[in-house]
Amino acid sequence: MTVAEAVASRRSIRAFTDEPIPFDTIRHVMEQARWAPSGCNFQPWEATVLTGAPLTALRERLMASLPDDPQEYDFAAPGQVDKYKSRLTTFASAMHAANGIARDDAEGRAAWGRRNVRAFDAPVLLLCHFPKMMKSAQWSDMGMWLQTIMLLARGEGLDTCPLEVLGMYGRTIKDQLGLSDDTLLFCGLAIGQRDPKAPANGFQRERVPLTEHVTFQGF
């Protein structure tokens, strides 16, 4: 698989098979991802990767817990701006329609939200965390590292779904993992094999035209 093929075939997978993922495969991906770029070579990323009983225990605790109040960071703020809100609502409408969840189906949407917090029952869950003293520049490094992992996973025939929603349960997750409160739980990353028959994995997504966010000069 070329890099371009990995980029084109990567999508956020929301229904996984129960096929276990070999430890050697996960370790190989994480070993390669160490070469992701970071400003000043700080390499600020940290992660805990769960499967089996530890992952089951975390899911059970999350299902019995409420989101943090207050939350440690806000990932949804751009949704207050019309341009970004439109992109969100278009995507959410397509996703819910594919899963047969009507706009007024409050219980259906709540159940979908619980599946999201369960990392869509993927067999592996990576939890990305880092020291709270890291600033916005290091947050961008985290994104580059996570994207590197997602593309490397595609190269191994695996699929992923980044889960910022788990940041809403940061304190609960940190307590479950034994992490210090000086640590920020940034997000999760579900890893596994996609279920090719699941409607959640096949609906059409949209991206804005290149001209809407890139300007070329001097060419």
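Counting only heavy atoms from C-beta outward, the side chains of Val117 and Pro67 never approach each other to under 4.5 Å. You'll find the side chain of Phe216 reaches within 4.5 Å of the side chain of Leu210, heavy atoms only.
To the nearest 0.5 angstrom, Thr25 atom OG1 is 13.0 Å from Met30 atom CE. Distance check: Asp159 CG to Phe120 CZ gives 13.5 Å after rounding to the nearest 0.5 Å.
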Query raised in the report: Stepwise, does the side chain to side chain contact (heavy atoms under 4.5 Å, CB included) test hold for Thr160 with Ile13?
Result: CA-CA 6 Å; Thr160 57; Ile13 293 302; over 6 Å; no
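Tested against Trp45, the residues Met142, His129, Met144 include a single side chain to side chain contact (heavy atoms under 4.5 Å, CB included) partner, Met142. Each of Asp68, Ile173, Thr172 was compared with Leu185 under the side chain to side chain contact (heavy atoms under 4.5 Å, CB included) criterion, and only Ile173 meets it. For the pairing with Trp139, the ring pair (Phe, Tyr, Trp, His ring centres under 6.0 Å) check across Trp145, Tyr73, Phe42 returns one residue only, Tyr73.
The side-chain tip of Arg61 does not point at the ring of Tyr169 from less than 6.0 angstrom away and within 45° of straight on.
A distance-only check finds no donor-acceptor pair linking the side chain of Asp195 to the backbone of Thr17 [under 3.5 Å]. Using modelled atom types, one side-chain atom of Lys132 and one backbone atom of Asp181 make a donor-acceptor pair closer than 3.5 Å. A distance-only check finds no donor-acceptor pair linking the side chain of Asn116 to the backbone of Val165 [under 3.5 Å].
In the model, Asp69 has no side-chain atom that pairs as donor or acceptor with a side-chain atom of Gln71 under 3.5 Å.
The existence of a salt bridge linking Arg87 and Glu212 is confirmed by a sub-4.0 Å separation between a basic side-chain nitrogen and an acidic carboxylate oxygen.
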